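Before any comments, here is the structure.
Residue numbering restarts at 1 for every chain, and letters A, B, ... go by the order of the sequence lines. Just so you know, these numbers come straight off a predicted model, no measurement behind them.
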There are 2 protein chains.
Amino acid sequence: MALGDAILACLTERPMTGYELAKTFDSSIGFFWKADHQQIYRELSKLRDRGYIQGREVVQTGKPNKLVYTLTPEGRTALRHWAARPSTPASTKDDLLVRLHALDSIDIEPLRTDLMARLEHHRDRHANYERILKKRFPDGTAEGRLDLGNLLLLRLGARHEQMVADFCEEALDALSSMSGKAAVVPIEDGKREKG
Amino acid sequence: MALGDAILACLTERPMTGYELAKTFDSSIGFFWKADHQQIYRELSKLRDRGYIQGREVVQTGKPNKLVYTLTPEGRTALRHWAARPSTPASTKDDLLVRLHALDSIDIEPLRTDLMARLEHHRDRHANYERILKKRFPDGTAEGRLDLGNLLLLRLGARHEQMVADFCEEALDALSSMSGKAAVVPIEDGKREKG
DNA sequence: CGACTTTTTCCTGTTACGGTAAATAACGGG
DNA sequence: CCCGTTATTTACCGTAACAGGAAAAAGTCG
C-alpha cells in the first residue's frame, strides 16, 4: 500500500471527499503521484475497512450527497508507522529512456517529435511550479513544518522539470547532428497497434 | 506492455538468455527500470507467444541448458511501432515525497535517517554513473547512434542522481533548523507492521 | 429537453510487483 | 560426501496498480 498512504497523507491536511481527493491528485500531490478517481474510491474503501479513515455522509441539496472522509487516530498512527519505515527509491520507468536505449533500432523522426512534445510538457510543468512557488513562497522561506515540506517538494519538482527539459533539448541537438544517417525504412506495413 | 518493450530494446543489442537479461536489468537498463528474474521470464514467455522473440536452446555441459532469445523481424517491427508512439511521461511515485507532503504529521527522526540513507544512495549512484561515463566516453562524445543514446542516458542519470542528492542535503539542512519543534510522541504502541 | 457538474459506484481486464520455492547440473570447500 | 554457490529456468501464490467503459442520482444552465 503506497497509494493508500498517499491518500492518508492528503487527509492529514483536512477531511476530504473522494471527489476532492481525485482533484487533489490532479494538481498538488498529483505532480508526483498520479491516480484516477477509480483507484481513489477503491482505495478509500480499503482504508475505511481497515479503520484508517471514517466516512461521514453530508446531505446536500442540489448535488448528490457526499462522503467526507476523516483520518481516524488509527489512520494517523498507520501513516506515522509507514513514514517511519525506510523509503524505497523508485526507478524512473520512463518509456522515453527505453527508446534511447535502443536508439539505433528505432525511427528517429517520431522520436524527435516525441522529444519536442516532451520538451514543451516539461517546460510547462516547470513554469507551473515556478508560478506556485512565487505565489505561495514569495520570499522563498517557510514557517510551518507543513509549508517546509511543500516548499521542498516544489523546489525539487521545478528543478526536475528543468533538468528533463534541458535533457530533451540536448537530445534533440545531438539527434540533429546525425539526422541524415540511418533514415531506415519508415513504418509502412498495415498492422499497427493502437493507431 | 512496457516491460516487454524494455526487454525487446535490450535484445536489439544482442541475443540473450533470461538469466543474462535479469543481470542486465540489474545494471545498465536497470538504472531506470527495475525487474526481477520472475517478471523477466514471465514476460519472455509472452513475447515468445506473440512471436516477437525466438528461443534457441543451447546445450551446455557443466551448466543447465540455456534458452537464447533472439528478436524476430516481427519483434523488431513491434518495437519500432511502439517507439513511434508518443511516450507517456511517468510520474515519480517516490515514497519520500509523500512523506514530505505530510511533514507535520510524521516523526522527523526516522525521516532524517531516511534522508541520510537516500543521500548516500544517490551519491553512490552518481559516482557510479560518472565512473561509467569516464570509462565508456572519455572524451564525452559518441560516434554511433547506439552510443549516443547511452551517452545521453548516462548523463541524464548522473544529473538526476546529483540533483536528488542535493535535494536530500537541502532537506536535511532545513529539517535541522526546526529539529527542536514538534518532537511529538514517538511510536510506542505494539502493533507495528513489518518490523 | 439535453448537456454538464458533482459525487459515488461497479465492471472487466491487463500489467506489474513480491515472495517463496523448486528442479537441474556442475564446481569447490570443508 | 554433504553443503553451499553459480547458472538457469520454471511454478504458484497473492496483492497492488493501471486502464477504460459505464452508470446512477440530483441538480443547474442554456
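- Residues of residues 20-34 of chain A having a heavy atom closer than 4.0 Å to DNA chain C: none are found.
- With C:dT6, D:dA16, D:dA17 as the candidates, the nucleotide lying closest to the side chain of A:Glu43 is D:dA17.
- Checking C:dT15, D:dT6, C:dT7 against the side-chain heavy atoms of A:Lys66 singles out C:dT7 as nearest.
- Here the P atom of nucleotide C:dA21 and the CG atom of B:Asp36 are 16 Å apart, to the nearest Å.
- Taking B:Glu161 as the reference, B:Arg125 meet the salt bridge (charged side-chain N to carboxylate O under 4.0 Å, His left out) condition, with sequence neighbours excluded.
- Atom CG of B:Asn65 and atom P of C:dA25 are 8 Å apart (whole Å).
- Take A:Asp166 and apply the salt bridge (charged side-chain N to carboxylate O under 4.0 Å, His left out) test, not counting sequence neighbours, and it matches no residue.
- Protein atom CD1 of B:Ile40 is 16 Å distant from nucleotide atom P of D:dA11, rounded to whole Å.
- B:Arg155 is linked by a side chain to side chain contact (heavy atoms under 4.5 Å, CB included) to A:Glu170, B:Leu133, B:Leu151, B:Arg159, counting only residues two or more places apart in sequence or in another chain.
- For the 3.5 Å distance criterion, the side chains of B:Arg118 and A:Ser87 qualify, holding a donor opposite an acceptor.
- For the pair B:Ser45 and A:Lys46, both in contact range of DNA chain D, the more 5′-proximal nearest nucleotide belongs to B:Ser45.
- With hydrogens and angles disregarded, no donor-acceptor distance shorter than 3.5 Å links the side chain of A:Thr17 to the backbone of A:Lys66.
- For B:Arg50, taking side-chain heavy atoms from C-beta onward, the closest of the listed nucleotides C:dT15, C:dT6, D:dT8 is C:dT15.
- Rounding to whole angstrom units, OH of residue B:Tyr41 and P of C:dG19 are separated by 19 Å.
- For the 3.5 Å distance criterion, the side chains of A:Thr92 and A:Asp94 fail to qualify, holding no donor opposite an acceptor.
- With C:dT9, C:dA16, D:dA16 as the choices, the nucleotide that has an atom nearest any side-chain atom of A:Tyr69 turns out to be C:dT9.
- Listed nucleotides C:dT9, D:dT9, C:dA16 differ in distance to A:Leu67; the shortest reach to its side chain belongs to C:dT9.
- Straight-line distance from the CG atom of B:Asp5 to the C1' atom of C:dT15: 12 Å, rounded to whole Å.
- Between the P atom of C:dT7 and the CZ atom of A:Arg56 lies a distance of 14 Å, rounded to the nearest Å.
- Protein atom CD of A:Gln39 is 14 Å distant from nucleotide atom C1' of D:dT15, rounded to whole Å.
- Rounded to a whole Å, the CZ atom of B:Arg42 is 14 Å from the C1' atom of C:dA21.
- With sequence neighbours excluded, the residues forming a side chain to side chain contact (heavy atoms under 4.5 Å, CB included) with A:Lys23 are A:Tyr19, listed by chain and number.
- Taking a 4.0 Å limit (strictly below) on heavy-atom distances, residues 10-18 of chain A reaches DNA chain C at A:Thr17, A:Gly18.
- Taking B:Lys34 as the reference, A:Ser91 meet the side chain to side chain contact (heavy atoms under 4.5 Å, CB included) condition, with sequence neighbours excluded.
- Taking A:Asp49 as the reference, nothing meets the side chain to side chain donor-acceptor pair (under 3.5 Å) condition, with sequence neighbours excluded.
- Applying the 4.5 Å side-chain rule to ILVMFWY residues, one finds B:Val68 in the same cluster as B:Val58.
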What nitrogen or oxygen pairs link the protein and nucleotides 22-27 of chain D at under 3.5 Å?
from	atom 1	to	atom 2	distance (Å)
D:dG27	O4'	A:Gly62	O	3.2

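- Each ring-ring contact (aromatic ring centres under 6.0 Å, His included) pair with one or both residues in residues 122-148 of chain A, not counting sequence neighbours, appears once here: A:Phe31-A:Tyr129.
- Under the rule for a side chain to side chain donor-acceptor pair (under 3.5 Å), the partners of A:Asn128 that lie at least two apart in sequence or sit in another chain are A:Arg131.
- Here the nucleotide nearest the side chain of A:Tyr19, chosen from C:dA16, C:dT7, D:dT8, is C:dT7.
- Each of C:dA16, D:dA17, D:dT8 was ranked by its minimum atom distance to the side chain of B:Ala2; first place goes to C:dA16.
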